[in-house]
Amino acid sequence: MAIKFEYLGSKFIKPFVPTPQNLRNYKPGFIDELAPFKNVAVVLFFAKNSNHNPKLFVVQLEKSLEKVLTRLYPLAGRYVEETQIVECNDEGAEFIQAQVNVKLEDILGPEADVTLADEFIPMKTKPRDVVLTIQFTIFGCGGVALGVSATHKVVDASTLCTFLNEWAAINREEDEINFTGPGFISSSLFPGRGFRPIPTPFITNDQYTRKKLSFNESAISKIKAKAITSIRLSKVQLVSAIICKALVGVDRVTHGYRRESILCQMINLREKMASPIPKHSCGNLWGLCATKPTILETTEELANLIHDSIKKAVNDYSKVHHNSEQGQTMVLNTFLETANVNNLESMNVIPITSWCKFPFYQVDFGFGKPKWVVPWTAPMKNFGLLIDGPGGNGVEAYIFLEVKDVPYFEEALDVNVFGA
């Protein structure tokens, strides 16, 4: 499908109230330092609302954006790579307006190419030092797409979701004064140490693609019913196991033998440590969890392995305070250990992250909740990214694959028989 964009303009939206001088230099924490210098992004698709004219509504969005940037002021700053500091100079977040010649249904259709969603995310227009870029696109039918992209050096998926919900609440004029969230506190929780980003095996060429797998609530229930295990598995663990088994199959074909695999998962640290980190804290607040090298035959074994490794990691975090030497070291070591794993060419490393339970589908600017939410991050080989399905139910999984490996993945994928 040929999509033709007409860009209507671009401007920088500055905070409504200037950032105080004592807050002008934001020093990120060490998790921020270790995060890759890539973008984390999402696009939300909204159906037409007869009570709102999109071209007029955009003015209201700009005004409410000014207010949320006053609260979350690092998003209006500039990231300086050399010093690893966000200069909170209020130069503003980039706001792009566009319109497109297709209807929203063309994007939402079951046969639509998922990569079409990427066109609504402002990735290529963004200078490297701008922290936040937004693109508001109007469809011919009156629906809209809101693409948001931010540097991972400052923002993680939870922060992105918090920003969107705060912005939406202000736009509905339901939260004009009180800001209940703690804002950007990753630097005070995990003070910076001058680290450089952990080397990450991103795919740098164009020989990759992204597959989407959708599991609605009914499918998840059927999978759970077929799972022969005494452990209560979550929908994320079940879907992760199905994906991992397929990726193990790809690795076996491409290498000619079955290698040991390591499953690497990201863990949101909010509300998980002995000294609780508030749910809506902003900044990079996540750790890593890698399983021991293993060769497993069934989806059930993989699901149990994923469940046990996450359970152990969460239990370990719950016993330490984030501001203790033990807590700081525990979080740091997860990154250092994973960096070593990525350097082991003899291992099949499968990274998976989940955005499930982040309330992207609750974002309501006043013209209804999104019909579809599509996440985006820089592609890594054999990488799985999970998010709640439409309406917040089920699971949608996005798997980054080299183009040559797609047939092997499709052949190895078994979504019908758990444990097969």
Side-chain angles (χ1 to χ4, degrees), residues 26-41 74 79-86 128-129 131 149-160 184 186-187 189-205 208 247 261-270 272-273 277 281-293 309-310 313-314 316-317 320 322 325-355 375-386 400:
Y26 176 74
K27 174 65 176 174
F30 75 73
I31 304 178
D32 301 299
E33 293 172 345
L34 294 169
F37 200 84
K38 298 288 184 178
N39 285 1
V40 57
Y79 181 80
V80 182
E81 184 177 5
E82 293 74 20
T83 58
Q84 299 196 83
I85 287 176
V86 180
R128 297 185 80 225
D129 59 346
V131 175
S149 175
T151 174
H152 208 337
K153 301 299 295 180
V154 180
V155 166
D156 63 6
S158 177
T159 304
L160 204 61
F184 280 87
S186 58
S187 58
L189 298 176
F190 300 97
R193 305 188 185 190
F195 293 139
R196 305 307 297 179
I198 290 289
T200 307
F202 291 110
I203 301 174
T204 55
N205 59 45
Y208 79 92
L247 291 175
S261 296
I262 295 176
L263 313 182
C264 182
Q265 303 157 89
M266 298 179 188
I267 297 179
N268 181 12
L269 297 177
R270 296 165 179 86
K272 289 191 174 64
M273 303 191 78
I277 298 173
S281 302
C282 293
N284 282 287
L285 293 167
W286 48 278
L288 294 168
C289 170
T291 65
K292 294 181 180 179
S309 63
I310 290 292
V314 171
D316 290 344
Y317 280 127
V320 299
H322 65 75
E325 182 177 352
Q326 184 183 7
Q328 299 276 310
T329 301
M330 180 181 291
V331 173
L332 175 59
N333 284 345
T334 66
F335 287 90
L336 300 180
E337 291 167 1
T338 303
N340 292 332
V341 165
N342 285 332
N343 292 327
L344 297 177
E345 294 185 1
S346 61
M347 297 291 176
N348 174 30
V349 180
I350 302 175
I352 289 185
T353 187
S354 171
W355 291 16
W376 190 95
T377 188
M380 288 184 285
K381 182 179 179 180
N382 297 345
F383 169 62
L385 172 56
L386 277 55
F400 290 88

Q: Any donor and acceptor pair, going by atom type alone, linking the side chain of T291 with main-chain N or O of L263 inside 3.5 Å?
A: yes
Q: Tell me, please, which residues at least two apart from D32 pass salt bridge (Lys or Arg N to Asp or Glu O under 4.0 Å).
A: none
Q: Parallel, tilted or perpendicular: which one describes the rings of F190 and F30, with boundaries at 30° and 60°?
A: perpendicular
Q: Looking at every heavy atom in both N382 and P351, which two are closest together, and how far apart are they?
A: O-CD, 3.5 Å
Q: Over all heavy atoms of both residues, which pair between S281 and I277 is shortest? Give the atoms and the distance, please.
A: OG-CG2, 3.7 Å
Q: Rounded at 0.5 Å granularity, tell me how far CZ in R193 sits from CG in L332.
A: 5.5 Å
Q: With sequence neighbours excluded, what pairs up with K27 under the salt bridge (Lys or Arg N to Asp or Glu O under 4.0 Å) test?
A: E33
Q: Going from CG on N268 to CH2 on W286, what distance comes out if it is rounded to the nearest 0.5 angstrom?
A: 11.0 Å
Q: For the atom pair CG (L189) and CZ (F184), what is the distance rounded to the nearest 0.5 Å?
A: 13.0 Å
Q: Determine which pairs satisfy salt bridge (charged side-chain N to carboxylate O under 4.0 Å, His left out) with at least one residue from residues 376-386, sequence neighbours left out, and list them in order.
A: K381-E402
Q: Go through the structure and list residues passing ring-ring contact (aromatic ring centres under 6.0 Å, His included) with F195, not counting sequence neighbours.
A: none
Q: Just to verify, what does Y317 make a ring-ring contact (aromatic ring centres under 6.0 Å, His included) with, not counting sequence neighbours?
A: none
Q: Is the backbone of V40 close enough, under 3.5 Å, to the side chain of T377 for a donor and an acceptor to pair up by distance?
A: no
Q: Show the nearest heavy-atom pair for residues A150 and L160, with the distance to one decimal.
A: CB-CD1, 4.3 Å
Q: Grab the two heavy atoms, one from T353 and one from F383, that are nearest each other, plus how far apart they are.
A: CG2-CZ, 3.5 Å
Q: Does some side-chain heavy atom of H322 sit less than 4.5 Å from a side-chain heavy atom of L285?
A: no
Q: Hey, does the side chain of N284 reach the backbone of H152 with a donor-acceptor pair shorter than 3.5 angstrom?
A: yes
Q: Mind checking what makes side chain to side chain donor-acceptor pair (under 3.5 Å) contact with N333, not counting sequence neighbours?
A: none
Q: Would you call K153 and P197 a side-chain contact if the rule is heavy atoms closer than 4.5 Å?
A: yes
Q: What is the minimum heavy-atom distance between C264 and T338, and which atoms define it?
A: SG-CG2, 3.5 Å
Q: If we only count heavy atoms from C-beta on, is the I352 to L386 side-chain gap below 4.5 Å?
A: yes
